[in-house]
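Worksheet for the structure shown next.
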Protein chains: 2
Amino acid sequence: MVAGPTSAGPGKDRLRLWIRLLRASRTIEAELRERLKKEFDTTLPRFDVMAALYRSPEGMLMSDLSRFLLVSNGNVTGIVDRLVSEGLVTRARRNGDRRTSMVRLTEEGSRSFAAIAAAHESWVGELLGNVSEDEARRLAGMLKSFRSNWEGRE
Amino acid sequence: MVAGPTSAGPGKDRLRLWIRLLRASRTIEAELRERLKKEFDTTLPRFDVMAALYRSPEGMLMSDLSRFLLVSNGNVTGIVDRLVSEGLVTRARRNGDRRTSMVRLTEEGSRSFAAIAAAHESWVGELLGNVSEDEARRLAGMLKSFRSNWEGRE
DNA sequence: CTATGAAACTTTAAGCTTGAAATAATTTCC
DNA sequence: GGAAATTATTTCAAGCTTAAAGTTTCATAG
């Protein structure tokens, strides 16, 4: 998925775009993952879950998390399990529906996330430093329209 | 890694760009993965390795593959193991240096890859259909310059 | 009520991924 | 030549990831 086109012809530009998109995101992702590990002894998936919860102080259902993060249900189960065992997150039983539980950041989780998020944002600024703010806005605009054309398709 | 910025301020545009980039590539990647599984009973990592080998008929070392695909050494070992056991790839011992072996596509691997690659390219064309060819070229250009500013940094 | 189906979640098996440790072969340097 | 460092690869443990199957709970229609 990271190799170049294997032949010339129509559709080539989109394929090339896809490959560059993928290489760029893999490169950045690898760097962020490494720093999260080294500086905060955590992982990208844990960070993702905490970021989602940080935006929803009232909590999120497992299925909310899975939908929002674009990963499978079973996946979220494991990550939340680990965050719970680390004391960063809680699963609160609900009165209404006993199948579900509200997942929330703990005090410690919230404090911990705030620190990591600050570093994370500055890392992204650094890693994308070669992209001007203006270019960043334009690129983001293109990617937004692309995404909205896609989400919830089938 | 898929959530939005948690506050407003400078560096916001780059963070937003990064999040959109990541969401876009995850969405496309998930769709391609699913189709590869359903239509060809294979996976993205296997496809990646085969794509790299297809471009190098003379073969590649394990470390070449790992460097090119931006994944760890140990990772490639497992994927190549599976491809070998499926008869799609061979490890040829070398006379010169007995630590290394040349990894090559087999006849079958090559035939198999060509078919998958054709479908893959048309899928990407479809999935990026909302991006005009012109826009694709511009976006790819920006991503290229970004990448080259980055590769082999440290 | 109560069965039937749907919904929310967990479990499982297989595979991907990493970083670190272990192996083996080669190169370098006295 | 032989010790020491380097290089190429594999192995390992832990964690991430998915799809599919299983469990529990809820909703609904008789």
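Below, read A as the first sequence line, B as the second, and so on, with proteins coming before strands; counting in each chain starts at 1. Below, each value reflects all heavy atoms present in this structure, side chains not excepted, and no hydrogens, waters or symmetry copies.
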Practice item. Ignoring hydrogens and angles, state whether a donor on the side chain of Thr90(A) or Arg104(A) is under 3.5 Å from an acceptor on the partner side chain. Key: no
Review point. Have Ser101(B) and Arg93(B) got a donor and an acceptor in their side chains that come within less than 3.5 Å?
Key: no
Return no unless some side-chain N or O of [X] is found under 4.0 Å from OP1 or OP2 of [N].
| X | N | result |
| --- | --- | --- |
| Arg91(A) | dT10(C) | yes |
| Ser63(B) | dT9(D) | yes |
| Arg98(B) | dT26(C) | yes |

[X] has a side chain; which of [options] sits nearest to it?
| X | options | result |
| --- | --- | --- |
| Asp97(A) | dA19(D), dC26(D), dC9(C) | dC26(D) |
| Val71(B) | dT18(C), dA8(D), dA8(C) | dT18(C) |
| Thr100(A) | dT7(D), dA8(C), dT18(C) | dA8(C) |

Review point. Can you tell me if CD on Glu58(B) sees more than 12 non-hydrogen neighbours from other groups inside 6.0 Å?
Key: yes
Revision key, fill the gap. Contact check, residues 72-80 of chain B vs DNA chain D, heavy-atom distance under 4.0 Å, returns Asn73(B), Gly74(B), Thr77(B)
Exercise for review: Using a 4.0 Å heavy-atom cut-off across all strands, classify Arg94(B) as base, sugar-phosphate, or nothing.
Suggested key: nothing
**Study point:** Sugar-phosphate only, base, or nothing, as touched by Arg67(A) at under 4.0 Å among non-hydrogen atoms
**Key:** nothing
Point to revise | Lys/Arg cation over aromatic Phe68(B): Arg26(A), 6.0 Å, 45° cone | key: no
Check your understanding: Given atom CG of Leu36(B) and atom P of dG15(C), what is their separation to the nearest angstrom?
Key -> 16 Å
Check your understanding: Between the base of dT26(C) and the side chain of Arg99(B), is there any donor-acceptor pair under 3.5 Å?
Key -> no
**Study point:** Ring centre gap for Phe47(A) and Phe113(A) strictly below 6.0 Å
**Key:** yes
